[in-house]
Amino acid sequence: MMEGIATEICKGDKIKVVKGDLTGINATVTGIEKEQGFVRCIPTNYPGFNEEMRVEANTIVKYFEAGDHVRILDGKHKGETGIVVGSEQN
C-alpha cells in the first residue's frame, strides 16, 4: 500500500499477512469486521488448512498474482486498468 492511498479490502480479495505471528500467510477474504478491525479469511498457501481465521486488518496487504485484473489508484497511470504479468517484492 502506498502512503496516502486507502485501499479497501473486500470479500474475495487475496491478501498477505505482513505483520505478527501469521506473517507470510496468503489468504482469501471471506468477511470483514470493520468496527472490530478484523478480516476473516481462509489461507491459500497451506494445503489441508481450510478453516476460516481472523486477522487484524492492520497486519495485511492486498496480494496480486500474474493474471489478476487491476486498476491503478495513484500515480502516472491512475485510472488505467490491466492484467498483472509479474511483480517484484514490495
Side-chain angles (χ1 to χ4, degrees):
M1 221 185 304
M2 297 178 69
E3 283 202 17
I5 300 298
T7 302
E8 188 172 325
I9 302 290
C10 301
K11 185 176 178 180
D13 282 349
K14 291 185 270 187
I15 59 167
K16 181 175 206 137
V17 180
V18 294
K19 293 180 191 170
D21 293 340
L22 302 173
T23 297
I25 290 179
N26 296 344
T28 301
V29 175
T30 56
I32 310 290
E33 298 176 13
K34 201 171 203 169
E35 290 79 31
Q36 293 83 16
F38 285 92
V39 172
R40 292 188 321 273
C41 57
I42 295 179
T44 56
N45 60 335
Y46 287 93
F49 185 76
N50 57 1
E51 291 186 33
E52 187 177 65
M53 60 184 208
R54 235 171 136 226
V55 295
E56 292 183 57
N58 64 355
T59 66
I60 62 173
V61 294
K62 280 192 178 186
Y63 175 72
F64 299 98
E65 297 176 318
D68 289 347
H69 190 263
V70 296
R71 181 172 51 93
I72 309 302
L73 298 177
D74 192 31
K76 181 170 110 174
H77 300 286
K78 181 178 179 177
E80 293 183 25
T81 60
I83 303 290
V84 175
V85 293
S87 65
E88 296 177 3
Q89 192 157 334
N90 298 326

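In this chain, numbering begins with 1 at the start of the sequence shown.
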Trace of the side-chain contact (heavy atoms from CB on, under 4.5 Å) decision for Thr81 with His69: CA-CA 7 Å; Thr81 60; His69 190 263; 3.9 Å; yes
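- Looking at residues two or more places apart in sequence or on another chain, you find a salt bridge (Lys or Arg N to Asp or Glu O under 4.0 Å) between Glu33 and Arg40, Arg54.
- Counting only residues at least two apart or on different chains, the side-chain hydrogen bond (donor to acceptor under 3.5 Å, both in side chains) pairs with a member in residues 41-52 are Thr30-Glu52.
- The one candidate from Thr28, Ile25, Leu22 that meets the side-chain contact (heavy atoms from CB on, under 4.5 Å) condition with Pro43 is Ile25.
- Taking both residues in full, the closest heavy atoms of Phe49 and Met53 are given as CE2-SD, 4.3 Å, listed atom of the first, atom of the second, then distance.
- Between Glu8 and Asp13, the closest heavy-atom pair is O-OD2, 3.8 Å.
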Test side-chain contact (heavy atoms from CB on, under 4.5 Å) applied to Val29 and Ile9, step by step: CA-CA 8 Å; Val29 175; Ile9 302 290; 3.7 Å; yes
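- Of all the heavy atoms in Tyr63 and Lys16, the pair that sits closest is CB-N, 4.0 Å.
- Here the CZ atom belonging to Arg71 is positioned 15.5 Å from the NE2 atom belonging to His77, to the nearest 0.5 angstrom.
- Its side chain within the 4.5 Å cluster rule, Phe64 clusters with Val70, Val84 among the Ile, Leu, Val, Met, Phe, Trp and Tyr residues.
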